[in-house]
Every structure is written in structure tokens, then in C-alpha cells.
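Given the structure is predicted, the values throughout are model-derived calculations rather than measurements. Whatever order the structure lists ligands and atoms in, that order sets their numbers, starting from 1. The chain is numbered in sequence order, starting from 1.
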Amino acid sequence: MEFHLNPISIGLLLLAILTIWIYKRQGRAKLPPGPWHIPFIGNIWELAADPDLRRSLRRLHKQYGDIYRLYMGPKLAVVISGYEAIKEVFVKRGGEFSDRPDSLLSSLIAQNQGIVSTSGDVWKENRKFTLTTLRNFGFGKTSLEEKIHTEISILLSEITKQNEEPFRIQLLVQTSVSNVINAMIFGRHFKHDDPKFGKVMAIFDEHFENNGPNNVVVFFPFLRFLPGDMFHVKKTLRNVKYVEGFIGDLIDKHMENYDENKMEDFIDAFLLEIKNHQDQKDSTFTKKQLSKTVLDLFSAGTETTATTITWALLYLAVKQDIQARVFYEINEVVGTDRLPSLQDKRKLVYTEAFIMEILRACNIVTVSLPHTCSVDLKFRGFDISKGTILLPDIDSVLFDPKIWGDPEEFRPERFIGEDGTLLKPEEFIPFFTGRRNCVGESLARMELDLFIPALVQRFEFLPPEGITLDIKELDGVFGITHKPKPFEIRAKLRNK
Ligand code: HEM
């Protein structure tokens, strides 16, 4: 048989050599256990085949234990499950496991800028600056309460306009929640009917839905060159361009009106930092970094908390007994003449327990954002080579029967101790843990503690007449966040 050296045979030969090299390399390394995989295809079907990501994770965890490997296309990923393993890797050895892996979307969208997708000094410097600056503008402080109350009042009147008819509450909540972080970054509020802002909100929705850990294009970047846009990459890039244009206009306006003696928001503070570092050749404080950081805060600060509140309203509409108990407590502690405040939080034990149970049961970040290590490491006797993708399985902690007893049950009481006070189990990690934990946790908690009681105080949430809302049926959009499918509810004014 003649063997011609054409591009196809050269390609096949290289593929064979690479396969043998990979297997030999793996033969020497002690990898965690995991399912059988096809070279270059990997175990892609293990996470992508089932629309319910949790089911796949639970099956694999049961079969392979707390640490197992999966090949995401040609890339090796190690899933870390269970509280003890997560604590060991991301808290005790957080210094070694806090980088972000390279991925198609992070290189196309973030371009090694911002907070969410960066590693090393760029990430450290930017995260520290962001946390300090946002704290100065009210993060986690009661001074922010007033701004949140303003947004809540607008949301309450927008809901009242629905005249107790069935409506989709998601967009209204998203706009109001977004306006809280907008006040801190842009120093301004956007109207509910602002078309440009509405488009940004729709883009966030689409982006968070399309780009979760089970989007196969992340592992097979060449797929984006296929005709059409099956994997939404072109759409994602168009969307990012639109949002960056929106942010860019706002940054330009800040630059036009810049006054060093009047630091009013995050953009002003970042512009000052750019000025202070202008003589430093390799400074990470650049206009591009500002734009990407704002994109991270604006998108993460909108979508996550809005999704959590949307889940809460769905559960309240379905579980009327729980809603009645939450309302009873709010009525007892706050009454109806003023909005619930952070001062009330201590006394609103059942309401707080309800919010914690929403964060646990709805677990909007099923698998935390991927981490990696920048050098070869060993963990529990396994070799974790530089660049391996580490996937923290938050679901395995928030649904661990050894911790919660009956994790499948929606039961706010699990967070209330025998003495009637709120319990704060260390395994409660919806915002993750360690050095890379959520930057916005204190803001998100303030928003949940103020928005949810205010909504229940004013309205009784009900399913549309003649319709049964089924949580199991509505559960199941797994992207970057875990969302309910679109649904309608009615909001009935309590005191007319
Ligand atoms: C209920 C609401 C929220 C939940 C459940 C949540 C959850 C999370 C989780 C699980 C991570 C990944 C941590 C990791 O990489 O290991 C994260 C990261 C992050 N979150 Fe949140 N988040 C919420 C709200 C917010 C808000 C309001 C902001 C806005 C400031 C925000 C900004 C960020 C940022 C910037 C990161 C990246 C941190 C880093 O890479 O260093 N999040 N969040």
C-alpha cells in the first residue's frame, strides 16, 4: 500500500503522535479517577448531555468520589466536591489554586482584563482596588440603604402598575437590582423604560444563559468557525461590543466632567488611579482595565441577585404557607407604614432563614467559576498539573445530605436554632469561599435583605388564576447562573 504525504495523512500522523504522548504523560502522572474518555473529545457528554447539570454532577460524585477528572475536549478538568475537599483546596491552599484558566470566552471577552477572568498581579491589584473603592461608596454600609430603598420604592410602583394581572416580574427586578450597582459605578439610575438600558438587561440575560460550563465551544474553540452561530459565539461578541459601547459612553462622560475634588462613583475613583499611575509604564490602571472591570461588576452585580430574588418570588407564589409566615413576621416587626430596614434584620429571623434557604436550594452558581493552578501540584496524592481546570462543585456542598439531612426539602427552619436564633453553618457557601470568593457578597446580602421583605410587605404573590406553578417544571436553565424558566405571577396589593 502506498502512503502519500498529503495534509490529511500528516494531520492523522500528528494526531496519533499527540495521543500517544498524552497517554504516556498521563501514565506517569497519578490522576484522580474519572470516566473513560475519547482523546480530544474527552467526556464532553458527561456534563452536556443532561439539561440538568446537577443530575450529572451528583451521578459523577457518587461514582468517583470527592475528586474526579473529566476531559473537557482535550483539556483536563478536576472536579472538587464536598465541603472538606473544597475547603482544603480553595481555602487552606487558596494561594496555589486561585488563578483562572485560559478559555475561549475569557480570551475573547475579557482579554486578561477585569476581575472575573484575570490571574496573578493583575487580578490581585484590581480586586483589592475594587473592594476598597466600593466599600468607600457604601458596600456593606448602612449609607447604601437609602439608595436601595429608592430603587425598592420605584420597583413597588412599577409592580403596582401591573394592576394585579399576571406578568413577568424578572425584568422589573433585574432593572431595579442593577440600579443599585449602577449608582455605585456610574453614579446614576436608569429608567425602567429606557430602551438602551433595556437592551443591556436583555443581553445580560442571554449571556448568562448561553455561556455556562456546559457550552462545548469553550472546549472546542474551532467550532466557532462553523457556518451559522450554533454556539452563540458571534452573538456573544456582538452583545459584548454593545455593552462595552454603552459603558464606554458613560466613561467618556465621566472623563469630560472629571473633577479630582469630586469623587462620586467607581469610575471617578478609577480615573484618579489611572492619573496617579500615568508615569508607571506597566501599570494595570488603564482605560481598558476600567472598562472590563466595570463590565464585570455591572453584569455580575445585576444578574446574580436579580435571579435570586426571582427564585424567591416564585417560591413564595407556590408555597403560600411560607409566604404567610414571612408576611406575618414582617407585619409584626415592621408593620406596614415604613419599608423594612437593615436594623430589622435581627428580628426577622424566619424571613432571613427563608432567604438563606433560597440561596441554598436554588444555588444559582451550581459550579463555581473555574480555577486553575500556575504550577504543577499534588493534592491528596493526585497530580494536578499546571493549567488543569478546577471546577468547584458548590451543589455537592449545598445538597450534601450529611450536612443538611433532607437537602431536597425546601425548609427555611433548617437555619433556625432551637433557641430561635439564626444558624450560620460554615458549609453555607452560595458565594463560594477562599481568596476568590464573591466580591459582591455584602452588597448582594443587603439587597436580598431589603428587597425581599419589602416586596412581601406590599404584595401577596400568587400564581395566575387557574394555573399551577410547578417549581420542578420551571427549574432548569443552567448557564453561568441557574435560573427558573420564564413564568408569570400576580402581585396583589395587601392594603388597598
Ligand atoms: C446572590 C448573589 C450572588 C451570588 C450567589 C454570587 C456568587 C458568586 C460566586 C459563586 C462566585 C465565584 C467565586 C469563585 O470564583 O470561586 C462569584 C464571583 C464574583 N462575584 Fe458574585 N455572586 C452574587 C452577587 C454578586 C454581586 C452583587 C456582585 C457585584 C459586585 C458580584 C461580583 C462578583 C465578582 C466580581 C466575582 C469574581 C471574583 C474574582 O474572580 O475574584 N457578585 N460570585
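Looking at Glu209 and Phe478, their side chains never come closer than 4.5 Å, going by heavy atoms from C-beta outward.
Taking the centre of each ring, Phe415 and Phe428 come in below the 6.0 Å mark. Aromatic ring centres of Phe129 and Phe266 lie closer together than 6.0 Å.
Arg100 pairs in a side chain to side chain contact (heavy atoms under 4.5 Å, CB included) with only one of the listed residues (Leu369, Ile115, Thr118, Asn112), which is Leu369.
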Report each N/O pair between ligand 1 and the protein that falls under 3.5 Å, naming both atoms.
residue	atom	partner	partner atom	Å
ligand 1	15 (O)	Arg100	NH1	2.9
ligand 1	15 (O)	Arg100	NH2	2.7
ligand 1	15 (O)	His371	NE2	3.4
ligand 1	16 (O)	Ser368	OG	3.2
ligand 1	16 (O)	His371	NE2	2.7
ligand 1	40 (O)	Arg100	NH2	2.8
ligand 1	40 (O)	Arg436	NE	2.9
ligand 1	40 (O)	Arg436	NH2	3.2
ligand 1	41 (O)	Trp123	NE1	2.8
ligand 1	41 (O)	Arg127	NH1	2.8
ligand 1	41 (O)	Arg436	NE	3.4

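A salt bridge is absent between Lys483 and Asp475: the closest approach of a Lys/Arg side-chain nitrogen to an acidic carboxylate oxygen does not fall below 4.0 angstrom.
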Worksheet entry | Trace of the salt bridge (Lys or Arg N to Asp or Glu O under 4.0 Å) decision for Arg93 with Glu88 | CA-CA 6 Å; Arg93 295 183 63 182; Glu88 252 181 86; over 6 Å; no
